[in-house]
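Read through the structure below, which is laid out as structure tokens, and then see the notes.
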Amino acid sequence: MSITDKITIRGMAMTSFGELWDRDLRSLATEAGLNAIKDASIDTDKIDCLIVSNMASGILSGQEHLGALVAQSLGLTCPSFHIEGACASGGLSINNAFYLLKSGIYKNILVIGVEKMTDVSTTQTTRALAGAADEEWESFYGITFPSLYALIAREHFRKFKTTERDLAMVSVKNHHNGTLNPYAHFQKEITVDAVLKSNPVATPLKLLDCSPVSDGAAAVVLTNESNSKYKVEIVATQATSSTLSVHDRKDMTTIDATVSAAKKAYKASGINPTDIDIAEVHDCFSIAEILAYEDLGFVKKGSGASLIRNGVTNRDGKLPVNTSGGLKACGHPIGATGVKQIIEIALQLSGNAGKRQLNKKLLYGLAQNVGGSGATSVVSILKSYA
Amino acid sequence: MHKESPAKIWRKFNNRYKISGVICKKCKKAYYPPVEYCLECGSTSFTQIAFEKSGKLISWSLLYSVQEGFEDSVPNIVAIVELEGGEKITCQLIDVEEKNLKYGLKIVPTFRRIYVAGKDGIIHYGIKFTKS
């Protein structure tokens, strides 16, 4: 097959996300990888590069060298390696696969995102995840990820009058979306009152403002060969970096890396934020979805809560956000999340999202994947060319 | 349990125990936490300076779900404070009642135990902040 300018989705698959006590890292990655290759309808030996996205398997599973581990399970002998950018590992892996395919070196790259998180205690998981913050200047003082986003939330409340109820509405929306996703960690409705009454984790954030600790894997086969499977291309993907620590940012309520990645991605696609029909954003905590609305340019800084209050980002709104259930309800197996976002957008754009398929014409979809408290951000724009 | 080598802690004595940062020899910009490379002028020459001074509270969170090693300090009050020179840092607050926490609260540093790394681990000390 001839090499085209388009980088397209050839195959995709994911495992269920959740507390999967009977599954380990290897079995999750293998299931997602095999099913993505099967979905792509190509022979395994046509995969000429394997990228494994994962954040903390060394601490969580005592296993590193994931490229080789997964390559062996799939019977691959092509180049294989692991990409880590904390919670943005998946987005970064897609981003790197995109440019490797653009270079023409490879033709079919398998990207597998995986995280096995439930084999250690909650405090150990919390410690492992805190590794995405600045170890000396944040984590040493007991900082955890919920508390970093809590510090940002409190400042957003002070400056822009955003409320705990606004944040609760984000979780309620994403849980509703999760009820329609058979792969989601949580598939049940919650109420604003339930969120507001849930136990405090890091004030003002409560348990139901936080994405869960999940196991799971998601995989895509990306290609630069012509393929007519889904008719979805990645038109642009941009990754940028900002300060590791929240305290080093000029404005605590802005994820600079998202602002710059989004601007570059819109420019490379030749579109504006108003052209986006659907988005998957990084709602690791409810406040993060509000920040995403603003930093992606859907509304001006400080007005993020207006979108959730007015139902704009609901399934039946003008700009549906997190139809997969987002990190909150679909679950957040760290390395898998950014890959799952791409799958959700591709399923929706190609009309393959099953009972959660949006009932309107979709042309452009956006995925935003954030690492740490905002030090890494990847914004990818997908387009249907059906 | 999270453990650190004595050398790692010894290396950090100045920063952890005295809030000492650095000032760029060339453009005089002050950094806390310290840096290796001046983002203003590109210099790599710095003089160490002590920042031990007061500041104000910018944002805070009462942390109930804590990291390994912090189980004895629930809720752990973590905060971002702005020192008098405008530098912002992440820290812990101590001896402040929740009802007194507010934006702009004047705070001062105090030398405290940060956490104990298990039964046979090292006791970590450092600076926390309290209301002035």
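Every value quoted in this text rests on a predicted model; they were computed, and no experiment measured them. In what follows, every chain begins at residue 1, and chains take the letters A, B, ... in the order their sequences are listed.
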Sorted by first residue and then second, give each side-chain hydrogen bond (donor to acceptor under 3.5 Å, both in side chains) pair with at least one member in residues 35-47 of chain B; sequence neighbours left out.
none

Neighbour count above 12 (heavy atom, 6.0 Å) for A:Arg309 CZ:
yes

Is A:Glu136 salt-bridged to B:Lys8, going by a charged N under 4.0 Å from an acidic O?
no

The test is side-chain contact (heavy atoms from CB on, under 4.5 Å); show your working for A:Glu155 and B:Tyr103 and say whether it passes.
CA-CA 9 Å; A:Glu155 185 69 348; B:Tyr103 180 85; 4.1 Å; yes

For the residue pair B:Lys12 and A:Phe140, establish whether any side-chain heavy-atom pair is separated by less than 4.5 Å.
no

Atom pair CD/OG1 of B:Gln67 and A:Thr125 - distance to nearest 0.5 Å:
12.0 Å

Under 4.5 Å to a heavy atom of chain B? For A:Phe157 that would be neither

Residues forming a ring-ring contact (aromatic ring centres under 6.0 Å, His included) with B:Tyr32, sequence neighbours excluded
A:Trp137, B:Phe51

Here the gap from A:Leu148 atom CG to B:Ser61 atom OG, rounded to the nearest 0.5 Å, amounts to 9.0 Å

Closest approach of B:Ile127 to A:Tyr141 (non-hydrogen atoms, all atoms of both residues)
O-CE2, 3.7 Å

List the steps, then state whether side-chain contact (heavy atoms from CB on, under 4.5 Å) holds for B:Val66 with A:Thr144.
CA-CA 7 Å; B:Val66 295; A:Thr144 61; 5.7 Å; no

Reference residue B:Ile58; test side-chain contact (heavy atoms from CB on, under 4.5 Å); the match among A:His247, A:Arg158, A:Arg154, A:Met252:
A:Met252

With a 4.5 angstrom heavy-atom cut-off, which part of B:Ile114 approaches chain A: side chain, backbone, both or neither?
side chain

When rounded to the nearest 0.5 Å, the distance separating OH of B:Tyr64 from CG of A:Leu205 is 13.0 Å

Side chain A:Glu138, main chain B:Thr90, donor-acceptor under 3.5 Å
no

Between NZ on residue B:Lys88 and NZ on residue A:Lys250, distance to nearest 0.5 Å:
10.0 Å

With chain B, which of A:Ala150, A:Gly142, A:Ser245 has the greatest number of heavy-atom pairs at distances under 4.5 Å?
A:Gly142

To the closest 0.5 Å, what do you measure between CD (B:Glu87) and CG (A:Asp248)?
11.0 Å

B:Lys131 NZ: over 12 foreign heavy atoms closer than 6.0 Å
no

Name all residues meeting the ring-ring contact (aromatic ring centres under 6.0 Å, His included) criterion together with A:Phe285; count only those two or more places apart in sequence or in a different chain, and write none if there are none.
A:Tyr149

Which of residues 197-204 of chain A have a heavy atom under 4.5 Å from any heavy atom of chain B?
A:Pro200, A:Val201, A:Ala202, A:Thr203

Got a sec: does the CG of B:Asp72 have more than 12 other heavy atoms crowding it under 6.0 Å?
no

Given side-chain contact (heavy atoms from CB on, under 4.5 Å), test A:Thr123 with B:Glu71 step by step and report yes or no.
CA-CA 9 Å; A:Thr123 48; B:Glu71 293 88 345; 4.0 Å; yes

So what's closer than 4.5 Å to chain A heavy atoms on B:Val78: side chain, backbone, both or neither?
both

Where do B:Ile80 and A:Val246 land on the side-chain contact (heavy atoms from CB on, under 4.5 Å) test, with the steps shown first?
CA-CA 9 Å; B:Ile80 289 184; A:Val246 173; 3.7 Å; yes

Given heavy-atom pairs under 4.5 angstrom as the criterion, report whether the side chain, backbone, both or neither of B:Lys128 touches chain A.
neither

